[in-house]
There are 4 protein chains.
Amino acid sequence: MMKTTTPDSLATDAPAKARGSARKADSNRPKRNGAVTRQRILDVAMSEFADHGYSGSRIDRISASAGVNVGMIYHYFSNKDDLYLAALEACYKVIRDRERTLDVNEGDPISAMRQLIELTFDFLSTDPYFVRLIMSENLMMGRIAQRSATIPVMTQPLLDSLRTILKRGQAERLFHKDIDAENFYVSILGLCFVHVSNRYTLSSMFQHDFADPEWLKQRKGVVTDILISYLRGSEV
Amino acid sequence: MMKTTTPDSLATDAPAKARGSARKADSNRPKRNGAVTRQRILDVAMSEFADHGYSGSRIDRISASAGVNVGMIYHYFSNKDDLYLAALEACYKVIRDRERTLDVNEGDPISAMRQLIELTFDFLSTDPYFVRLIMSENLMMGRIAQRSATIPVMTQPLLDSLRTILKRGQAERLFHKDIDAENFYVSILGLCFVHVSNRYTLSSMFQHDFADPEWLKQRKGVVTDILISYLRGSEV
Amino acid sequence: MMKTTTPDSLATDAPAKARGSARKADSNRPKRNGAVTRQRILDVAMSEFADHGYSGSRIDRISASAGVNVGMIYHYFSNKDDLYLAALEACYKVIRDRERTLDVNEGDPISAMRQLIELTFDFLSTDPYFVRLIMSENLMMGRIAQRSATIPVMTQPLLDSLRTILKRGQAERLFHKDIDAENFYVSILGLCFVHVSNRYTLSSMFQHDFADPEWLKQRKGVVTDILISYLRGSEV
Amino acid sequence: MMKTTTPDSLATDAPAKARGSARKADSNRPKRNGAVTRQRILDVAMSEFADHGYSGSRIDRISASAGVNVGMIYHYFSNKDDLYLAALEACYKVIRDRERTLDVNEGDPISAMRQLIELTFDFLSTDPYFVRLIMSENLMMGRIAQRSATIPVMTQPLLDSLRTILKRGQAERLFHKDIDAENFYVSILGLCFVHVSNRYTLSSMFQHDFADPEWLKQRKGVVTDILISYLRGSEV
DNA sequence: CATGAATGAGAGTTCATTCAT
DNA sequence: TATGAATGAACTCTCATTCAT
């Protein structure tokens with residue numbers, strides 16, 4: 001089975017030593033370093049949960065991949081639920097951090113919006129572990145996410161960015177007025193998410209690979225067109 | 001936990017007697033009837049798999065809900081995988097059948113397309129078991145669906161309908177030319193799917209309920225606008 | 001897995017029609033014929049029990065192979081134990097019948113004994129289902145066989161034959177006197193049985209096939225030599 | 001049902017503490033000791049498999065008798081097959097070790113061979129668990145044993161011993177020349193094995209107990225006579 | 001006679017979690 | 001901090017047997 005890889009360079013703020021793929025034996029790594037161990041567990045957990053969903057994930061497999069003892073997982077994360085929550089939040093942190101790298105006040109609003117769309121499209125397509133973790137959580141009907149205090153907080157900057165771009169576009173009469181930031185984000189998400197979330201069933205339906213780079217490139221154009229043309233739509 | 005309900009009236013072609021939600025005791029129902037029992041198991045399985053995903057679903061729970069012995073499930077479906085496949089295919093059959101109720105050759109192309117979009121939107125929003133089953137299957141990376149011979153076959157009429165509408169619209173110069181039926185279906189699906197698939201994480205992010213009827217109604221308008229305005233887009 | 005075949009021509013006294021390998025559909029066979037059905041079940045049961053031992057055997061598999069319904073097995077044989085007993089007795093009947101084809105009063109005693117040994121050797125080597133059924137029964141510590149009234153009865157003619165040959169040989173001073181018929185039969189059995197009963201573990205130990213025809217032929221000579229030279233042994 | 005007992009003193013090299021029959025509560029034994037637990041499971045497994053054959057054996061019963069949790073069996077032996085293989089190999093180790101206690105270069109060849117025969121006879125008669133395990137494995141057509149690398153290796157010293165004795169006997173003109181070591185071992189095995197392997201069916205046939213010490217003693221003499229007289233046979 | 005749907009007990013195996021060391 | 005042995009509950013699946021039709 002294909003394994004989703006978590007983006008080591010972005011997933012955490014842990015010291016550089018801790019990064020790199022998890023390994024069972026690494027004579028160089030310090031024998032006792034709580035933060036590093038904790039982070040290694042978290043990295044592995046993200047990909048395990050992404051690969052198998054919550055109930056499909058195995059504590060044993062995580063501990064083996066992280067090269068630590070089962071007890072360590074319980075030491076740092078209490079139980080499977082809490083570990084899952086930590087993985088989920090870490091995951092949201094990655095995309096929200098990346099969104100903030102955009103400067104939404106600069107340049108023309110259309111290209112700003114296009115950048116945000118493309119960033120979202122690329123992020124979801126390139127790092128499917130995010131999509132998978134989100135799907136998994138929704139399959140559980142938000143059982144874990146609803147306990148999170150940081151998820152709504154992390155959403156705020158994204159909403160602010162969207163509102164800024166929309167306001168600037170409306171001020172310049174490039175976008176029509178009836179556009180709600182939150183609702184528009186749902187549209188972005190839907191169009192950037194579905195070919196990743198539904199990659200396999202779409203493949204069954206249409207008998208080709210929806211992760212093919214050529215297809216993705218063309219699809220990104222279509223998605224951007226759809227969304228931008230909608231923003232400008234009421235001109236018509 | 002909320003329970004998704006499968007649409008009894010559509011899920012099967014079994015005799016009317018068999019329909020109705022599963023129940024443990026029904027003095028009226030025949031004590032030994034293979035077809036009916038099989039169907040009752042399948043109905044229950046669809047909602048169990050939708051509610052809990054593949055690994056979260058329990059054979060015990062299915063047999064209890066269906067009011068049959070565990071062994072019966074294995075008698076009719078061999079194993080969990082095959083039962084899941086049967087549920088998945090039954091599920092696809094429902095939406096594909098519903099899509100075929102539309103007459104794509106009649107009326108103007110725009111309203112034909114609008115009908116298809118709205119049907120899709122309504123179906124996915126009203127019967128989340130479909131969305132959830134699809135998500136679950138994709139989380140398993142299509143392990144089961146790829147064994148299905150009927151899924152691609154059932155897709156054909158949908159593609160035909162889309163192509164018919166698009167061709168008619170292009171002939172009447174209502175739609176621009178560069179639209180690929182399959183690609184457009186992915187857009188429809190993305191916009192009709194995401195608020196259901198991501199209902200719970202979106203709720204965590206934005207702190208309101210994405211199944212609220214008022215919100216859904218408004219959202220359906222937006223989705224239709226986005227898609228239709230894209231179809232006509234090249235006018236701009 | 002290799003399948004032991006029961007000797008159709010010898011296993012039963014049922015009408016010829018019933019013989020031949022079991023089959024699922026045979027349009028020619030009479031739809032209702034108790035004796036035939038019963039026999040077909042018994043034939044299949046012998047090979048099933050021989051192939052898998054008691055606990056490894058499956059009623060379902062027997063009914064499928066016999067081309068009859070599960071209920072039929074219970075109709076004719078009450079339960080698994082009784083079916084097993086019937087198979088075991090049928091099995092003993094085959095070898096005991098075969099032994100009686102020898103005329104122990106004719107010719108010289110040595111060649112009579114040699115014939116009996118060779119008959120035993122050939123029977124056990126050629127039809128391993130007998131050996132396997134006996135092993136299986138012994139693994140169960142004779143749980144079933146001890147209920148059989150016919151097994152000891154069927155043994156009598158064999159003992160009689162052995163005693164006749166021994167007595168004749170001793171009268172002619174060809175065999176020494178201290179030979180007990182029963183004990184001698186155990187020796188015959190041991191030497192004719194072990195390469196069949198232990199075929200697979202011997203193969204693991206010595207890394208060659210103990211069912212190889214060439215090896216069997218040579219081994220039969222050795223076994224006969226050992227036993228005959230023992231009979232004449234007191235000359236030394 | 002009679003229970004075969006495994007020879008605790010020989011089955012393992014585990015520390016003395018671990019020996020003795022399995023028991024549920026033993027306040028003296030260490031609560032957490034992998035090697036000891038593993039060995040206790042193996043000891044119990046040997047007798048369970050010997051008593052019931054492979055399919056008749058129950059993991060539950062083994063764990064109960066060993067006084068450990070079911071999971072422990074899977075922790076140490078992965079699955080029933082592997083546990084069975086471990087038991088089988090342990091079993092072979094016992095007899096092969098015992099055979100090596102003989103000094104085949106000392107004394108006269110006839111008495112050396114007699115010792116080997118009697119050791120084999122006694123071992124198989126006294127510890128029927130060996131015979132039963134071997135039977136069970138053969139009933140499965142060597143499914144497990146053929147995966148063993150150690151069984152053929154452990155056979156080598158036995159073959160060497162036999163060859164040594166035979167060569168010495170032939171050099172001294174005590175044995176005739178045409179004797180193959182492997183073939184002769186099959187004869188030894190057959191004659192020492194059959195009254196144990198077929199104990200119950202022989203009892204049904206002849207209506208007396210083939211484990212009776214008096215009978216065994218006399219039989220041992222017969223078996224030795226048969227084999228030794230064959231070795232010297234060609235003198236005649 | 002004959003069918004196969006239905007049962008219930010129990011099989012092997014897995015897994016989150018705890019705890020002695 | 002760190003280990004991995006140990007637990008107990010649960011899960012998927014099997015099977016001899018019964019019984020309505």
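Throughout, protein chains are lettered first and strands after them, A, B, ... in sequence-line order, and every chain is numbered starting at 1. Keep in mind that this is a model prediction, so the values were computed, not measured.
- Between A/R40 atom CZ and F/dT1 atom C1' there is a gap of 13 Å when expressed in whole angstrom units.
- Residues meeting the side-chain hydrogen bond (donor to acceptor under 3.5 Å, both in side chains) test with D/Y76, sequence neighbours left out: none.
- For B/H75 and F/dT14, the NE2 to P distance is 14 Å, given to the nearest whole Å.
- The separation between A/I73 atom CD1 and F/dA2 atom P is 13 Å, rounded to whole Å.
- At E/dA6, one or more side-chain N or O atoms of B/T37 fall inside 4.0 Å of OP1 or OP2 (strictly under the cut-off).
- Look at OH on B/Y76: it is 10 Å from P on E/dT7, rounded to the nearest Å.
- For D/S63, the side chain to side chain contact (heavy atoms under 4.5 Å, CB included) partners two or more places apart in sequence, or in a different chain, are D/V68, D/V70, D/I73.
- Secondary structure note: stems in DNA chain E built from 3 or more consecutive Watson-Crick or G-U wobble pairs under 3.5 Å occupy E:2-21 with F:2-21.
- Under the side-chain hydrogen bond (donor to acceptor under 3.5 Å, both in side chains) criterion, D/Y74 pairs with no residue, sequence neighbours left out.
- Distance A/I41 CD1 to F/dA2 C1': 11 Å, rounded to the nearest Å.
- No side-chain heavy atom of D/E48 sits under 4.5 Å from any side-chain heavy atom of D/S65.
- Counting any heavy atom pair closer than 4.0 Å across all strands shown, D/F77 reaches no nucleic acid atom.
- Within the 4.5 Å cutoff, side-chain heavy atoms of A/Q39 are placed close to those of A/L42.
- Qualifying salt bridge (charged side-chain N to carboxylate O under 4.0 Å, His left out) partners for D/D82, counting only residues two or more places apart in sequence or in other chains: D/R147.
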>> Strictly under 4.0 angstrom, non-hydrogen atoms only: write out the protein contact profile of nucleotides 12-19 of chain E, one letter per nucleotide from the 5' end, B, S or -.
In response: SBBSSBBB
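- For D/D81, the salt bridge (charged side-chain N to carboxylate O under 4.0 Å, His left out) partners are D/R143, not counting sequence neighbours.
- Every residue meeting the ring-ring contact (aromatic ring centres under 6.0 Å, His included) condition with D/F49, not counting sequence neighbours, appears here in chain and number order: D/Y84.
- Following rounding to the nearest Å, D/I62 (CD1) and E/dA11 (P) show an atom-to-atom distance of 12 Å.
- Residue B/M72 contributes atom CE, which lies 9 Å from atom C1' of E/dG4 at whole-angstrom precision.
- Here B/R58 pairs with nothing under the salt bridge (charged side-chain N to carboxylate O under 4.0 Å, His left out) rule; sequence neighbours left out.
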